[in-house]
Amino acid sequence: MADDEPVSGRRRPRGPEATERSKALERLKARIHGGRRSDATGPQIRLENPVYDTVPEDEYNALVAKRREQARSFIVDDEGLGYGDEGEEEDWSQAGFNLSSGESEDESERPKRKKVEKKDPQPKRPSSSLSAAAAMMGGQRLSSMFTSSVFKKSRDDKASESIVDDVIAEFAADETDRLRRKRANVNSSSSSVTNDALRINNTVRDKPSVDLIGASSLPANGNAESVKVVDSDGSDSGFEQKSEAVSEIEDLACVSSENGQAPVVESDDCKINEGIVEAKEMKKAEIEVKSGGKKEVFTLNAKVKEEDEEDPSLSATAGWKEVMSGAGGVDADSKDALQNQQHSELDLEKDGSFFFYILDAYEEFYGENRGTLYLFGKVKTGDLYQSCCIIVKNMQRCIYAVPSLSLHRTEEMMSLERDVQESRISSADFFKKLQDAVSDVKNEIAQHLVNLEVSNFSMAPVKRKYAFERSEIPAGENYVVKINYSFKDPVLPVDLKGESFCALLGTGCSALELFLIKRKIKGPSWLQVSNFSPSSASRRVSWCKFEVTVDSPKQINSAPKITSKIPPVVVAAINLKTIINEKQNINEIVSASVVCCNMVKIDTPMMASEWRRPERLTRFTVVRKLDGSIFPMGFNKEVTDRNLQAGSNILCAESSERALLNRLMLELHKLDSDVLVGHNISGFDLDVLLHRSQACKVASSMWSKLGRLNRSTMPKLRRSKVFGSGADPGIMSCIAGRLLCDTYLCSRDLLKEVSYSLTHLAKSHLNKIRTEVAPHEVPKMFQTAESLMKLIEYGETDAWLSMELMFYLSVLPLTRQLTNISGNLWGKTLQGARAQRVEYLLLHTFHAMKFMVPDKFSYHAKETKETKLMKRRLTHDVEDNNFDAYIDDANHDNDASEADNKKSKKGPSYAGGLVLEPKKGLYDKYILLLDFNSLYPSIIQEYNICFTTVERSLDESFPRLPSSKTTGVLPEVLKNLVDRRKMVKSWIKNEKNKNEKTDPIRVQQLDIQQQALKLTANSMYGCLGFSNSRFYAKPLAELITSQGREILQSTVDLVQNNLNLEVIYGDTDSIMIYSGLDEIEEANKIAVRVIQEVNKKYKCLEIDLDGLYKRMLLLKKKKYAAVKLLYKDGTPYEAIERKGLDIVRRDWSILAKELGDFCLTQILSGGSCEDVVESIHNSLMKVNCIVLQYQTFF
DNA sequence: ATGGTAGGCAAATAGC
DNA sequence: GCTATTTGCCTAC
Ligand SMILES: [Mg+2]
Ligand SMILES: [Mg+2]
């Protein structure tokens, strides 16, 4: 404390002094104990210098231009007369509501095709493919899936808030209790005996001789086939497989000797076409084989085969004692029985279709297969659920051209429609006139399409509505021209205009979005697949058990009713242990552990006792020796023993990182997991796995097994700029088909914690002590067999803990429910893309109501482009200077330190909630806390605020309340959510009233549903004000908050002026009233009166009593503490509520917080002033002594 | 790329 | 060396 000031400060303000000193003390303590918080930035991996895109498009463009000229001369056949589009009836049956009557449409009115003959074959664009796809793939920052919420216990069920999604907190609290109890039970009953356990789901192991697919083996298993030595004739068609099989088992050592000369595959270079890549791989493989020698290859391969024939299963080893206690292994008979249950054929319905439960989907953005969709999910075969990939081809773009002068035209057509209705003219005549009316638009568009070399397209006039921000598009219902053509053809320019049309809509719509919206697929659900064709064995593109292709998205339909139970999924937890390569400052993998849980339910939370069963669980660790070193003595024997003991290979020792990766990928493929889970897996493990696969030149057929698509090119792996923002798009595209559950990001959003490191969470929520191993400690653990086994144990334990966290937080059921409400992709919900959830909810709704929806980035397209250019130039300039900024980045693994580098925050763009000036002081008589339920969602409904109702002027002037009587879409959506929530809540009540027959699982399930509905409602406002949102509408957001301020102020006025009560504070949606009363009953009476008076002013809005404060210390805006009166089973008790004070902030030292909390409890204790002062003074003195004691040490 | 604004407080920075 | 302003962080709603 050398820098402490002289103690002359008795007259200085007490607070600051105390805190200052406490902080200084804490700093001292931190220095002594090595620091509580890590100052370090997040774990990041330095891979390579920035690579610039140098795609030479010139040649291609020239070619295209030439062909455009040729195509111009061809005649477009125009005789389309259909109007309307694919009619689909709204299916809100699941949701239980019907938004609009909707118009009837029929399929027969599909627009006709126009064709242009091609003169010669299209010039093929070089298959640049997946590396670029990365850039387009969805995001990953799970900044908040559900908003940070307090981990509170026992809250009033009625309590609800506008922005704060505190439901999660209630839910989480329940979970804690339940699981803690469970945990305690397990602990108490645990013994050190662990039993063998056999995995059930080793389905991948068998070669699925799938008749349907006509394959005798999966490509994956091809890797285990015996390897012929590659002969010099590389043109052999079977070559690729061979070379991969060779590389799979080859030792890194034998490569490195040749590495200097061997042609290196530029796997991240998108220019190289696949043929060349393959050729290079071939050559390289050849060299490897030659240098490695036949013998070694054969030997190693034999080993692989042998292992494959053995049944990997879970066995009893260290680190699992508490987990596997008392559980018996599955005996051989039942294992066989289970295996026999496996069906290798799809269960087909009578009509030849089959049912498919969709979990994930991926869209190919580039190359030949642009616009092709890959759906991933489960099919039922017998009693088992197995993975399946559906390839959807021939996705059609859907673009709308808005005619100029549409008002005029619409009136004309409307009157004609009336004529049709009243039989003044025939339908045929009407269609003729309609076609005439839009013929100029069609001709103009057709010309543009031909110029783009689009040869096959269709156009038709349809009636559509519009209500969004583009001023050139008239609001309301109009006739527009709908254009359909393949996603393989280039898109029309966003800003294209013509003489006859003023705007295009839908140019930015991806095939995947179109598919989900048009097929009305709302999250994980059963789909019916018709008219499919199985993929032939040689052309498999996925690693799934089954793979089929459909030629049209229309072959896939939402299953009519609940066809079947919601299938369980396979979850694999992954943890890597790494060492740091000091020279390059990167992480290298030395060990990888996988813990896998089968039959995981996604429709309901699972109790620990339910999933923590040996027959469901599998584990596996692969470890490698350090470079230039050997395994410690006795280790190999230990490995053999463990595997013998387990009856399968649960531990595998490899000699190189490359071999480790290959082994791990094979293992992951065998597990065929639907979900990958890990603590900071998106920020660390996946990144390292892919970077190391790249660095070690692992074959694409191996590293791509991390996901479910067999990919040939590694996408660009960018260093993620921000820690804690999830995996970058490149990484996400690599694991297409598997969901990613990062427990670090999940807990950050679901829990309120001081730290989200696995160690801390394990301790505070799972009641377990985790041993941390820093990467620099790893090498010395390779010195003895014992310590190496420890390392392996720690890795498995980490994977296990992460899995446990996932169950503890009920991540899967909750996110699935949220996804089913909104209709987006599950994977996105898991990434926390809340804006996208709201986006999809609105997309589904508006589409069902025949609206044209806003395009992604349509307003800011220009702006964004310019900004990006500027930024690029800037970064380029700065790069050389900041070359050393990347240095200290590899020193982190997935311990998830606190470095939450937040992006630069923009200033607010409109006014928010009103915060009343607090009447500061210490109150010791009852205070009423009143609070509006879900203020902003209620305002939207109360005032009918919607895109369709609020008039927005061009000049940013303040919007006025709508006068429209017809209910808008937004209020309707919210009403639906609220009503459904009420319904679910009533079900919960019913279930609970079923005396003694109450099904607790059912209650939990419904509770999750209820929470998800509320979360969705609450996040809608935020998305209106989110400037990158597709449905960004500042005027609406502004109007909502201004009404909120108005409501709060008028409530205050009413309470003060009409009811003569004293309002001491209020924030956004709440008021605190000082009653001056000592009696609870009296206070409650006043509350009832206030509530009555306020509520009779509104239709939807509702104020409610949030609680009574017995005593309260009100310091500042947003800073107060109070003794709150609570009830448990009817008996009252008190608890201190702390808001905003230093003691609840993570950026204050523990000592300062504890001391502050002590003072607070004293102040709120109700003791006499003297006693309180005395007590506080004493405690401060005590701390002072401790400080002085520490001082004497130095 | 990955809902909002309001607000307090400490530290950093600007300006004299 | 002092004050005023900005920035970063974290919270409340
Ligand atoms: Mg509220
Ligand atoms: Mg409130």
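Sequence lines set the chain letters: A, B, ... in the order given, protein chains first and strands last, and positions in each chain run from 1.
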Asker: Give the rounded distance in Å between these two atoms: CD of A:E1137 and P of C:dA12.
Answerer: 10 Å
Asker: Nearest to the side chain of A:Y1120 - C:dA12, B:dT5, B:dG8?
Answerer: C:dA12
Asker: Taking only side-chain nitrogens and oxygens of A:K1116, does any of them come within less than 4.0 Å of OP1 or OP2 of B:dC9?
Answerer: yes
Asker: Output the single nucleotide from B:dT5, C:dC10, C:dT11 whose closest atom is nearest the side chain of A:D1147.
Answerer: C:dC10
Asker: Please name all residues satisfying side chain to side chain contact (heavy atoms under 4.5 Å, CB included) with A:E1154, sequence neighbours left out, ordered by chain then number.
Answerer: A:I1150
Asker: Report yes if a side-chain nitrogen or oxygen of A:R1146 is closer than 4.0 Å to either non-bridging phosphate oxygen (OP1 or OP2) of C:dC9; otherwise report no.
Answerer: no
Asker: Tell me: CG of A:L1036 to C1' of B:dG3, nearest whole Å?
Answerer: 14 Å
Asker: Could you check, using the six-membered ring where one of them is a Trp, whether A:Y1074 and A:Y1109 have ring centers closer than 6.0 angstrom?
Answerer: no
Asker: Assign A:V915 to base, sugar-phosphate, or nothing according to its heavy-atom contacts below 4.0 angstrom with the strands shown.
Answerer: sugar-phosphate
Asker: What's the gap between B:dG3 and C:dC13 when it is taken at their P atoms, as a whole Å value?
Answerer: 22 Å
Asker: Can you work out whether A:G913 or A:F1026 has the more 5'-proximal nearest nucleotide on DNA chain B?
Answerer: A:F1026
Asker: State whether A:K1118 places a side-chain N or O below 4.0 Å from either non-bridging phosphate oxygen (OP1 or OP2) of B:dG7.
Answerer: no
Asker: Starting at atom CG of A:L1114, determine the distance to atom P of C:dA12, rounded to an integer number of angstrom.
Answerer: 14 Å
Asker: In whole angstroms, how far is the C1' atom of B:dG4 from the CG atom of A:L1024?
Answerer: 10 Å
Asker: Where is the tightest heavy-atom contact between A:R1111 and A:L1164, given as atom of each residue plus distance?
Answerer: NE-O, 2.7 Å
Asker: Quick check on DNA chain B: between A:M1020 and A:A911, whose nearest nucleotide comes earlier from the 5' end?
Answerer: A:M1020
Asker: A:K752 NZ to C:dC13 C1': how many Å, rounded?
Answerer: 12 Å
Asker: Would you mind classifying the nucleic acid contact of A:F1031 as base, sugar-phosphate or nothing, using non-hydrogen atoms under 4.0 angstrom?
Answerer: nothing
Asker: Let's see if you can work this out: which of C:dA12, B:dC9, B:dG3 has an atom nearest to the side-chain heavy atoms of A:K1119?
Answerer: B:dC9
Asker: Measuring from the side chain of A:D1067 (C-beta onward, heavy atoms only), which nucleotide among B:dG8, C:dC13, C:dT11 has the closest atom?
Answerer: C:dC13
Asker: Report yes if a donor N or O on one partner sits less than 3.5 Å from an acceptor N or O on the other, where the partners are the side chain of A:R1145 and the base of C:dC9; otherwise report no.
Answerer: yes
Asker: Mind listing the closest non-hydrogen atom pair of A:E942 and A:C1100 along with its distance?
Answerer: OE1-N, 2.6 Å
Asker: What integer distance in Å separates A:K828:NZ from B:dG3:C1'?
Answerer: 16 Å
Asker: Tell me what A:S909 touches on the nucleic acid: a base, only sugar-phosphate, or nothing, going by heavy atoms under 4.0 Å.
Answerer: sugar-phosphate
Asker: For the pair made of CZ in A:R1045 and P in B:dG4, what is the distance, rounded to whole Å?
Answerer: 17 Å
Asker: Measure from the side chain of A:Y1021, starting at C-beta and using heavy atoms only, and say which of B:dG4, B:dA6, C:dC10 lies closest.
Answerer: B:dG4
Asker: Below 4.0 angstrom, N of the basic side chain to O of the carboxylate: do A:R834 and A:E839 qualify?
Answerer: no
Asker: For A:L1141 and C:dT11, give me the distance from atom CG to atom P, rounded to whole Å.
Answerer: 12 Å
Asker: Using a 4.0 Å heavy-atom cut-off, does A:A1037 contact any base of the nucleic acid, only the sugar-phosphate backbone, or nothing at all?
Answerer: nothing
Asker: With a 6.0 Å cut-off on ring centres, are A:Y744 and A:F684 close enough?
Answerer: no
Asker: Taking only N and O in the side chain of A:K1139, is any of them less than 4.0 Å away from OP1 or OP2 of C:dC13?
Answerer: yes
